[in-house]
Amino acid sequence: MPFQPVKFYQTGTFTVGNRLLALEQRSVQANMQRTNSLNSGHRACQGCGEALGARYAIDAAMRASNKQLIAANATGCLEVFSTPYPETSWQIPWIHSLFGNTAAVATGIAAALRVKGRREVRVIAQGGDGGTTDIGFGCLSGMFERNDDVLYICYDNEAYMNTGVQRSSATPPAARTATTMPVGPEPGNVFGQGKNVAQIAMAHNIPYVATATVADLHDLEYKVNRAMGMHGARYIHIFVPCPLGWGAASNDTIRLARLARETGLFAVYEAEHGEVTSVSKIRKRVPVEDYLKLQRRFAHLFGKTPALETIARIQAMADKNIRKFGLLEQGGQ
Amino acid sequence: MDKPFAITLDVGSSLANHTGSWRTSRPLYVDSLPPCNNACPAGENIQGWLFHAEAGDYEAAWRVLVQDNPLPAVMGRICYHPCETSCNRGQFDSAVGINSVERFLGDEAIKQGWKFAVPDKASGKKVLIVGAGPSGLSTAYHLVRLGHQVVIFDAGPLAGGMMRFGIPKYRLPRDVLDAEIKRILDMGVMLKLNTRVDNILDTMKSGGFDAAFLAVGAHIGKRAHIPAGSAAKVLDAVGVLHSMEGEEKPMLGRRVVVYGGGNTAIDVARTAKRLGATESIIVYRRTREKMPAHDFEVEEALQEGILIKWLSTIKQVSDEGALTIEKMVLDDKGFPQPTGEFETLESDSLVLALGQDVDLSLLNGVPGLEIKDGIVQVMPNMMTGHPGIFAGGDMVPSERTVTVGVGHGKKAARNIDAWLRGGEYAAAPKHELAAYEKLNPWYYSDAPKIMRPMLEVVRRQSTFDEVQGGLDETSAQFEARRCMSCGNCFECDNCYGVCPDNAVIKLGPGKRFEFNYDYCKGCGICVSECPCGAIKMVPEDV
């Protein structure tokens, strides 16, 4: 049963809370007793989507596991901004691994807990797109293949932001990064195959795979909760806009995540054992320009002579997602 | 130093790092003025009472409502609801049915027998109110709440003014009106009916009144000079509607012609139809677009089979009631001009609905008054040129609606209260308007407006049953929940949730939120994602 949005009661489940909904229908984030797993004082930039996504996901996991949770964290923004020695923003048992071995460290923790008979303690591994789709990919695939009892969460901000915005295998075509400058006949990142780790995870036939964004909290919490209700290898891919790396206004973080979904560029769905079980439909479809124009990493597409052909290719990617996942309501726009 | 290998410092929380120092602008919670509240002539806090209705606490909603308007069941029927015209939701799908929720609350209050609270402290001051119409009753209500003793004199046999003697039953059932008037009188207001005030100064002196509020309305039908045969039956609209409340209903005949284009003309034509006229015809000198009557009333009249002759003036009435009608055309400026083309229209009676004048005889001999075009001029505080005599409602310059009258009542009461205490009433400064552009409409559910049921046309043509029905509880609550709470926090927890820095403190249900400026980096996500625009960003002094 996928997440069922409540459509009435003024704002329904579109907002974080809603005084008109029953308590169990409200989000973990609306609760005054939420864990605040990632606490104030962290050094993430203004409007950081990753900091937001991490608190959303880990708070939900803390509730789902009755606060019996250990997290392993790959190197990356999330690790750097939350734990400059000797401070920590984490209010949970948390361990920093190397850039590439978080999945393996989490596997080890899960194995140790099993040996000690601590079945109630759950394990999460988390990292950015660099640590997940590039550097940690081998360990991750191994964790999937062995079906280790770990929930791996990837916070995808589409480049190596911590080290100065270098391209990763999650960087979208045409995006400007420090290593894909907007010069030459095809400025920005190439139109390659990309690396869609959620789809690759599905190909491992693991019990649960889901994608989510920071723009739809109720859906995100539902997916974390669902994943925590299962054992074995599970993977959640969360789309987290980065104001610094994308050249976006800090107040547009959630808006960008919403637009990524509403354009069709980022498909939101869940899958069990390799099969898609539900998709989040687009509510108000918009053209990709609405999303691209808010980000300076795409500014070269909208110069004196707009790169109409490139924009059309990006639109075609969105259209393909919409077809492939069935993102429009029946009879929708 | 008993520390593990390679550790030289004690572990600490990042709370030591006050990231608020990064900030160049700060978010602030604001309460802005919703457009509905801004547009309400009675100054209702509409968003405020809808907030309680949304949660199903109808008594709390009604109590907020009656802080401004003591006649919600009346107004929920006859107000022309400028609140809905200005509602931001109109730009999203369709305006919130504020008027129908108001009626639901008003009816619920009558059903449940909710009463007004009366203050236990008395000021010792006594105020005379002349006229028990909407304006007079509203003033009485507000003055009693402010601790003053109030006596109302009314020349008529029953209280209500134009709500009773001007507005037909099919729009405002009398049991509803009676219930709401009684609730005001139950606060200890003394009402003297059939008591005409001939000289206001004498009456004030003999009664020992400290101030007076005049709201005698405008009850004299304007006459136009139309040459008429001595046997022709020419009546005035106010008189016709007034006599509907008496024992003897007016005899209008089978063919009734009403002359005029205001709401009163529509009321008379619809009344004539219900009294058995086979033909009820409105003659108006301009076009539908130029008609002062509200369009929905014109529409309802047309549904009931009322005929309207546009661009026509009546030149003459013969003894047999034959009307000579001249066709008109609109000139460049939109004024009707005669064409010299004439036609004849048979009628049993002609009713003139050409506007009303004020009976000012009670003001004879009062020094300091200014009267212009038969209307009493008042200062912004509703006081006439004579100290201590205030006036409101239809007898002062206004739009002449019940809602405006009720609004005058509140305003006058506050100023009378201030004047009696030797001071001056200063209204709190208005909040900034919560314009649609300040909202984030993404968050609101798609929900179409619920229309009120209408009585079928056949019954509308033959009975005085109420035309427009009310909403049941489920529908009224649904409608209330369509409110977008423009400019005022409704505790959706969005700011509390979307802050990447946990810099929003939730204070608990009903207590809203606070910013923790020690950690707020000023990213502005809370401002962008607040559905109702209740947070604004202001620059820091750097």
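Just so we're clear, the structure is a prediction, and the values are computed from it rather than from any experiment. Proteins come first, then strands; the chains are lettered A, B, ... in the order of their sequence lines, and each starts at number 1.
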query: Do other residues, nucleotides or ligands put more than 12 heavy atoms under 6.0 Å from A/Met32 CE?
result: yes
task: Measure B/Asp10 against the heavy atoms of chain A and call it side chain, backbone, both or neither at under 4.5 Å.
output: backbone
- request: Determine yes or no for a side-chain-to-main-chain donor-acceptor pair under 3.5 angstrom, with A/His42 supplying the side chain and B/Pro500 the backbone.
  value: yes
query: Do the numbers put A/Arg283 on top of the ring of B/Trp442, so that NZ or CZ is under 6.0 Å from the six-membered ring centre and no more than 45° off the axis?
result: yes
N-O pairing of B/Asp493 and A/Arg26 below 4.0 Å: no
- line: Residues B/Phe92 and A/Lys284: closest non-hydrogen pair is CE1-NZ, 4.2 Å
message: So does A/Ser40 get a backbone contact from the side chain of B/Ser14, meaning a donor-acceptor N/O pair under 3.5 Å?
response: yes
- line: One option among A/Ser89, A/Pro243, A/Gly53, A/Gly49 has the most heavy-atom pairs under 4.5 Å with chain B, and it is A/Ser89
field: Residue among B/Cys483, B/Ala16, B/Gly20 with most heavy-atom pairs under 4.5 Å to chain A
entry: B/Cys483
Test item: A/Thr11 and B/Phe490 side chains (from C-beta on) under 4.5 Å apart, heavy atoms: yes
task: Drop me the distance from B/Cys492's SG to A/Arg19's CZ, to the nearest 0.5 angstrom.
output: 10.5 Å
- request: Keeping the roles fixed (side chain from B/Lys506, backbone from A/Ala30), state whether a donor-acceptor pair exists under 3.5 Å.
  value: yes
message: Which atoms of B/Cys499 are under 4.5 Å from chain A, going by heavy atoms: the side chain, the backbone, both sets, or neither?
response: backbone
task: Tell me the residues of residues 521-536 of chain B whose non-hydrogen atoms fall below 4.5 Å from those of chain A, in number order.
output: B/Lys521, B/Gly522, B/Cys523, B/Gly524, B/Ile525, B/Ser528, B/Glu529, B/Pro531
query: Which atoms form the tightest heavy-atom contact between A/Arg258 and B/Tyr443, and what is the distance?
result: NH1-OH, 3.2 Å
task: For A/Arg55 and B/Tyr496, work out which heavy atoms get closest and say how close.
output: NH2-O, 4.0 Å
- prompt: Looking at B/Thr19, B/Asn17, B/Asn502, B/Val498, which has the largest count of heavy-atom pairs under 4.5 Å with chain A?
  reply: B/Asn502
- prompt: Between A/Leu20 and B/Glu491, is any pair of side-chain heavy atoms under 4.5 Å apart?
  reply: no
- prompt: Listed by residue number, which members of residues 46-66 of chain B have a heavy atom under 4.5 Å from any heavy atom of chain A?
  reply: B/Phe51, B/Glu54, B/Ala55
task: Could you have a look at B/Asn440, B/Ile505, B/Asp501 and say which one has the most heavy-atom pairs with chain A under 4.5 angstrom?
output: B/Asp501
message: If we check side-chain contact (heavy atoms from CB on, under 4.5 Å) with B/Asn494, which of these qualifies: A/Ile254, A/Thr15, A/Asn18, A/Leu217?
response: A/Thr15
